[in-house]
Amino acid sequence: MSRSDETRTDRAEPDVLLRGRGLGRAFRQRGSGLFERARTTTALDDADIDVREGTAVGIIGESGSGKSTLVRILLGLDAPTTGTVEFDGRPVDARADARSLHWLRRATGIVFQDPYASLDPRMNVGRIVGEPLWALGIAGDRRARVREVLVDVGLEAEMATRYPHEFSGGQRQRIALARALVHRPRLLVGDEPLSALDVTVRAQILEVLRGLRAAQDLTLLMVSHDIGVVQNLCDEVIVMKDGRIVEEGPTEKVLLAPQVAYTRRLLASIPVIDPPR
């Protein structure tokens, strides 16, 4: 997890898999009028984060709090304006060419929010799931690995010949999860992976994630608006507001006894059904 400025060190601890220090991201926007000056918007401000190997870390906060920006920078999908990222002690340079980051793509997998938009409708499931194997040049029986990972996420191996439109939303998200896991990454990242699913399907995918984490010793980094998902899946939680990390710690401690007023307001905003009188 994150550390305060007073405890920063020059090298990562042995058990820290993903580390960010002083991460900031500013976007320069042009003025809308002829005489209006350009202005700078800060999406992320001086964020420190440590994700220890084998743990599950949740990131929560309202829309626009900087959660997705932080994750993109940690995965090398965007370059920070300030700060540094290391994966297993190796620097991550998002400004480098794509091929030089193949080692990072090999070690990480990501599942996005919308299972409808993240799958190419022109490709069958086998090609979709196996795409990382071909793109990263991973040797071995790729088709056998695709069939294996489909079974791991609760689908049938024979489904590899079918197309995305033939599946329900929950099944499509399982396909997306299989694609993120097919190359056996060390870190699995979910950017609101359950928010587009109904409650029943969400619970099923949550159970799949729990099982995969235990079976494959995965490290998880989960962005979610759903506090219940974080509470049930994550060991530690980070709370973000206006691009800054405002609170962090063990999930039970942060969610049951928050120390920051914003966290208390965030938790108080969760809808609760009053018991019958």
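None of these values were measured; they are calculated from a predicted model.
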Query raised in the report: Given Arg21, which of Asp46, Thr84, Asp50 fulfils the side-chain hydrogen bond (donor to acceptor under 3.5 Å, both in side chains) condition?
Result: Asp50
Report task. Looking only at non-hydrogen atoms, find the nearest pair between Gln113 and Gln173 and report the distance. Result -> O-NE2, 3.5 Å
Would you mind writing out the side-chain donor-acceptor pairs for residues 153-165 within the sub-3.5 Å range, not counting sequence neighbours?
from: Thr161; atom 1: OG1; to: Glu158; atom 2: O; distance (Å): 3.3
from: Arg162; atom 1: NH2; to: Glu166; atom 2: O; distance (Å): 3.3

Requested in this report: Assess whether side chain to side chain contact (heavy atoms under 4.5 Å, CB included) is satisfied between Leu74 and Phe87, documenting all intermediate values.
Outcome: CA-CA 9 Å; Leu74 292 173; Phe87 187 93; over 6 Å; no
Requested in this report: Measure the CG-CG distance between Leu218 and Leu181 for me, rounded to the nearest 0.5 Å.
Outcome: 6.0 Å
Query raised in the report: Salt bridge between Lys241 and Asp45, side-chain N to carboxylate O under 4.0 Å?
Result: no
Requested in this report: Could you go through the side chain to side chain contact (heavy atoms under 4.5 Å, CB included) check for Val149 and Val129 one step at a time?
Outcome: CA-CA 9 Å; Val149 76; Val129 173; 3.6 Å; yes
Query raised in the report: Minimum heavy-atom separation for Leu70 to Ala47, with atom names?
Result: CD1-CB, 4.4 Å
**Report entry** Salt bridge present between Arg186 and Asp88 (N-O < 4.0 angstrom)
**Finding:** yes
Requested in this report: Look up atom CD1 in Ile205 and atom OG1 in Thr200, then write down how far apart they are to the nearest 0.5 Å.
Outcome: 12.0 Å
Report summary line: Interatomic distance, CD@Glu192 vs NE2@His225, rounded to 0.5 Å, equals 5.0 Å
Requested in this report: Could you tell me whether Asp226 and Arg202 have a side-chain N and a carboxylate O separated by less than 4.0 Å?
Outcome: yes
**Report entry** Side chain to side chain, Ile59 and Val223, heavy atoms closer than 4.5 Å
**Finding:** yes
